[in-house]
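Taking it in order: structure first as structure tokens, then the write-up.
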Amino acid sequence: MRAETPTAPRQRAGRTVAGRRRLRRALTRAAIDLFLERGYDATTVDDIAAAAGVGRRTFFRYFRSKEDAIFPNHDELLVDIERKLADTDQRRDPLEAVCEAVRLVLDFYLDDPEVSLKRYALTRTVMSLRDKEVASVDRYQRVFTRYLRARFHAAGDPLAEMRAPIAGAAVAAAHNHVLRQWLRGDGAVDAHALADKAFAMVIDAYSACVHADREAAETGTDTVVAVLRTSTPATEVARLLDASLRPPSGQDDRP
């Protein structure tokens, strides 16, 4: 009878969905620990595979490179987000739907805080990993933008082409802010409560802009929104508002 190799239990575990997820996480943990211990450049794919108890070929069934090994499975998360958005009731506010969908990404990081915190430490010191992380965020943002553009167009929004990428970027920025605060706080921050506030700010700002645009279209006037520091002198506030409300040179405000 042939002796079982050390990698066999791991390989058998990878035959089920749950087993594949466990093996993927084992590879990720091994990669992160080795990168932190030996350094990113000094660690090879063979090192990671051996630490996880699998062979090199098994490693490449899960990741294309050692760089990919420390990141979440963004492909699966993107599919989950697209499916969630596709199943959303069309009567629901589209921006609320996107804010809820992006929580899938946040929850993925929160579900494994040890790995997430170690990953954060790595991306702060290895530039290539940081660049890859930024690129992954852009993929989510494009999904949000496509969904919002379709919904805004369906609602007859004349500014759909401009509003969709701006709103999509705002949702991504809100999520990233929450995640960074949680990571910088070593996982002690209440990320869900902070996400509630961040997404509410995005939705409120979007609603205010839509309302202002509709009001301007109905009245034939423009709306001026001023963002100033509380320390701005009253005289400067008055000057800025006067400059904003004054008709362009060569025109007056007479009917």
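A quick note: this is a predicted structure, and the numbers were derived from the prediction, not measured. Basis for what follows: all heavy atoms, side chains included, without hydrogens, waters or symmetry-related copies.
To the nearest 0.5 Å, the span separating CD on Gln181 from CG on Leu194 amounts to 6.5 Å. For the atom pair CZ (Arg151) and CG (Leu95), the distance works out to 10.5 Å, reported to the nearest 0.5 Å. Once rounded to the nearest 0.5 Å, the distance linking CG of Leu122 with CG of Leu117 reads 11.5 Å. Here the OG1 atom belonging to Thr16 is positioned 10.0 Å from the CZ atom belonging to Arg21, to the nearest 0.5 angstrom. The OG1 atom of Thr28 lies 9.0 Å from the CG atom of Asp112; values are rounded to the nearest 0.5 Å. Annotation: the span from Asp33 atom CG to Ile48 atom CD1 amounts to 10.5 Å, rounded to 0.5 Å.
The closest donor-acceptor contact from the side chain of Arg119 to the backbone of Ile70 lies under 3.5 Å. Side-chain N or O atoms of Lys66 include one that pairs as donor or acceptor with a backbone N or O of Tyr40 at under 3.5 Å. For Asn176 (side chain) and Ala172 (main-chain N/O), a donor-acceptor pair under 3.5 Å exists by modelled atom type. Listed for the Thr145 side chain is no donor-acceptor partner under 3.5 Å among the backbone atoms of Gly168. A distance-only check finds no donor-acceptor pair linking the side chain of Thr58 to the backbone of Val54 [under 3.5 Å].
Under the 4.5 angstrom side-chain criterion for Ile, Leu, Val, Met, Phe, Trp and Tyr, the cluster partners of Ile166 are Leu159, Met162.
Checked against salt bridge (charged side-chain N to carboxylate O under 4.0 Å, His left out), Arg64 has the following partners two or more places apart in sequence or in another chain: Asp68. Evaluation of the salt bridge (charged side-chain N to carboxylate O under 4.0 Å, His left out) rule for Asp87 yields no partner, not counting sequence neighbours. Residues passing the salt bridge (charged side-chain N to carboxylate O under 4.0 Å, His left out) test with Asp75 are Arg139, sequence neighbours excluded. Residues satisfying the side-chain hydrogen bond (donor to acceptor under 3.5 Å, both in side chains) criterion with Tyr109, sequence neighbours excluded, are absent altogether. Arg83 is linked by a side-chain hydrogen bond (donor to acceptor under 3.5 Å, both in side chains) to Asp80, counting only residues two or more places apart in sequence or in another chain. Evaluation of the side-chain hydrogen bond (donor to acceptor under 3.5 Å, both in side chains) rule for Glu114 yields Arg29, Lys118 as partners, not counting sequence neighbours. For Glu67, the salt bridge (charged side-chain N to carboxylate O under 4.0 Å, His left out) criterion is met by no residue, not counting sequence neighbours.
Within the structure, ring-ring contact (aromatic ring centres under 6.0 Å, His included) pairs that include any residue of residues 63-96 comprise Phe59-Phe63, His74-Tyr140 (at least two apart or interchain). Sorted by first and then second residue, the pairs that involve residues 195-209 and meet side-chain hydrogen bond (donor to acceptor under 3.5 Å, both in side chains), not counting sequence neighbours, are Arg103-Asp196. Applying the salt bridge (Lys or Arg N to Asp or Glu O under 4.0 Å) definition to pairs two or more places apart or across chains, those involving residues 161-170 are Arg149-Glu161, Asp157-Arg163, Arg163-Asp213. For residues 164-193, no pair satisfies salt bridge (Lys or Arg N to Asp or Glu O under 4.0 Å), with sequence neighbours left out.
The shortest distance between side-chain heavy atoms of Phe35 and Val126 does not fall below 4.5 Å. With a 4.5 Å cut-off on side-chain heavy atoms, Leu23 and Tyr62 count as touching. Counting only heavy atoms from C-beta outward, the side chains of Trp182 and Ser116 approach each other to under 4.5 Å. Side chains of Arg38 and Asp47 form a contact here, defined as non-hydrogen atoms less than 4.5 Å apart. No side-chain heavy atom of Arg146 sits under 4.5 Å from any side-chain heavy atom of Gln141. By the 4.5 Å heavy-atom criterion applied to side chains, Arg61 and Arg20 are not counted as neighbours. Taking the side chain as every heavy atom from C-beta outward, Arg25 and Val115 never approach each other to under 4.5 Å. Contact of the His192 side chain with the Val178 side chain is not registered, since no non-hydrogen atoms from C-beta on lie closer than 4.5 Å.
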(request) Give the intermediate values and the outcome of side chain to side chain contact (heavy atoms under 4.5 Å, CB included) for residues Val134 and Asp138. (result) CA-CA 7 Å; Val134 171; Asp138 185 61; over 6 Å; no
(message) Using side chain to side chain contact (heavy atoms under 4.5 Å, CB included), reason through Leu85 and Val143 one step at a time and then give a plain yes or no.
(response) CA-CA 10 Å; Leu85 291 174; Val143 170; 4.2 Å; yes
(request) Mind running salt bridge (charged side-chain N to carboxylate O under 4.0 Å, His left out) on Glu76 and Arg24 for me, showing each step along the way? (result) CA-CA 13 Å; Glu76 286 188 6; Arg24 186 182 182 90; 6.0 Å; no
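Contact between Leu110 and Pro113 at its shortest, heavy atoms only, is O-CD, 3.3 Å.
Of the charged side-chain nitrogens involved, none lies within less than 4.0 Å of a carboxylate oxygen, so that Arg124 and Glu133 do not count as a salt-bridged pair.
Heavy-atom contacts from other residues, nucleotides or ligands closer than 6.0 Å to NE2 of His211 number 12 or fewer.
Between the side chains of Ser128 and Asp131, no donor-acceptor pair is found at a separation under 3.5 Å.
Shown are Val137, Val202, Val102; of these, the side chain to side chain contact (heavy atoms under 4.5 Å, CB included) with His175 is made only by Val102.
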